[in-house]
There are 2 protein chains.
Amino acid sequence: MSRPLTIGEAARASGVSAKMIRHYEALGLLPPAPRRPSGYREYDEADLHRLRFIRRARDLGFTLDGIADLLALWDDRTRASADVKALALAHVAELRRRAEAIAGMIATLERLAATCHGDDRPDCPILEDLAAGRPPPR
Amino acid sequence: MSRPLTIGEAARASGVSAKMIRHYEALGLLPPAPRRPSGYREYDEADLHRLRFIRRARDLGFTLDGIADLLALWDDRTRASADVKALALAHVAELRRRAEAIAGMIATLERLAATCHGDDRPDCPILEDLAAGRPPPR
DNA sequence: CCTTGACCTTCCCACCGTGGGAAGCCCTAC
DNA sequence: GTAGGGCTTCCCACGGTGGGAAGGTCAAGG
């Protein structure tokens with residue numbers, strides 16, 4: 001039974017900035033915080049829990065939309081674990097797509113950089129390749 | 001010596017949308033296009049070349065700032081190829097950082113998903129882990 | 001010549017997620 | 001009672017892209 005926290009304290013304790021806490025509340029990820037007569041928001045342990053949940057999910061690359069879905073499942077004690085797993089795996093698939101895209105870029109750039117002698121002469125296969133600009137696929 | 005292109009034709013030929021062509025011009029990545037008396041922009045082969053350069057650089061994940069740097073080097077016929085190579089390798093380093101961050105997320109999520117039985121029972125280690133929310137590193 | 005439809009112009013607004021900062025009130029410790 | 005830090009709301013910015021409104025222009029066909 002501890003004293004309620006101010007938004008700044010909740011921010012420090014959760015790793016979510018005060019600015020973002022207000023924003024998440026406005027988005028509906030958090031229930032509207034109760035207010036002191038002065039208008040100050042108050043937070044308790046349950047709110048901290050939810051904030052840390054959000055923080056962790058963001059660290060795992062979930063979008064706020066995805067987090068909203070996760071929170072809905074979290075709030076529903078009768079959810080099937082399969083639902084959560086499906087969400088997680090769909091996100092993994094998305095992350096893999098991004099990773100592959102990046103890997104492709106790295107491969108191309110490494111290949112180009114390898115053929116660039118990198119001295120003070122001006123000719124450079126990297127720029128030449130960029131300039132070549134093969135026919136745009138779309 | 002062909003007829004100048006309209007912005008729409010340049011867009012189709014370069015893979016950069018008309019909207020983005022105007023935007024890039026406003027940003028200074030492209031020189032202001034000459035105009036017909038009606039105000040229509042006109043593009044020639046050199047412009048197409050530059051647009052395809054930008055398109056390709058974006059496909060390789062360069063930011064518009066990075067592209068501005070690349071274009072400056074491209075425009076400077078006396079640049080040292082080492083300068084270009086340094087830019088490219090710095091970008092590769094950045095891409096690698098992103099790829100590693102994503103790989104970490106994937107690893108964590110896969111580990112969690114593996115321990116989630118994924119049936120219609122409600123208990124789920126994925127949500128439990130998110131909820132646990134270890135002390136925020138910052 | 002005139003209409004039609006595709007194209008162009010500028011302008012503003014949206015997304016996502018986050019931060020900066022102004023103007024003004026509140027709370028605590030001295 | 002005053003100083004300082006914290007809180008409130010509000011608007012604006014970033015990067016990069018798209019949507020769409022309101023209006024002018026072009027080419028082809030009748």
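Chain identifiers are assigned alphabetically (A, B, ...) following the order of the sequence lines, protein sequences preceding nucleic acid strands; residue numbering begins at 1 within each chain. Model, not experiment: these values are computed from the prediction.
For the pair B:Arg50 (side chain) and B:Leu29 (backbone), a donor-acceptor distance under 3.5 Å is present. Without hydrogens or angle criteria, A:His91 side chain to A:Thr63 main chain gives no donor-acceptor distance under 3.5 Å. Listed for the B:Arg52 side chain is no donor-acceptor partner under 3.5 Å among the backbone atoms of B:Gly15. Distance alone, capped at 3.5 Å, is enough to place a donor-acceptor pair between the B:Glu9 side chain and the B:Thr6 backbone.
Nucleotide D:dG16 holds its C1' atom 14 Å from the CZ atom of B:Arg55, rounded to whole Å. The distance from atom CZ of A:Arg58 to atom C1' of C:dG17 is 6 Å, rounded to the nearest whole Å. Atom NE2 in A:His23 sits about 14 Å away from atom P in D:dC10, given to the nearest Å. Taking atom CD of B:Glu9 as the reference point, atom C1' of C:dC7 lies 10 Å away to the nearest angstrom. Rounded to an integer number of Å, the gap from CZ of B:Phe62 to P of D:dT17 is 15 Å. The CG atom of A:Leu5 sits 16 Å away from the P atom of C:dC27 (whole-angstrom rounding). Computed from coordinates, the B:Arg36 CZ to C:dT9 P distance equals 9 Å when rounded to whole Å. In this structure, A:Arg41 atom CZ and C:dC25 atom C1' are separated by 14 Å, rounded to whole Å.
For the pair A:Leu27 and B:Arg22, nearest-nucleotide mapping onto DNA chain C gives the more 5' position to B:Arg22. The residue among B:Ser38 and B:Leu64 whose nearest nucleotide of DNA chain D lies closer to the 5′ end is B:Leu64.
Looking at the side chain of B:Lys19, the nearest of the listed nucleotides C:dG21, D:dG18, C:dC8 is D:dG18. Distance from the side chain of B:Ile7 is smallest to C:dC8 among C:dC8, D:dT8, D:dG18. Of the candidates D:dT17, C:dC7, C:dT9, the closest approach to any side-chain atom of B:Met20 belongs to D:dT17. Distance from the side chain of A:Thr63 is smallest for C:dG17 among the nucleotides C:dG17, C:dC8, D:dC7.
Nearest heavy atom pair, residue A:Ser14 against residue A:Leu51, reads CB-CB, 3.6 Å.
For the pair B:Tyr24 and D:dT17, the criterion of a side-chain N or O lying under 4.0 Å from OP1 or OP2 is met. Look at A:Thr6 and you won't find any side-chain N or O under 4.0 angstrom from OP1 or OP2 of D:dG6.
Contact of A:Tyr40 with C:dC27 (side chain to base): no donor-acceptor pair of N or O atoms is detected under 3.5 Å.
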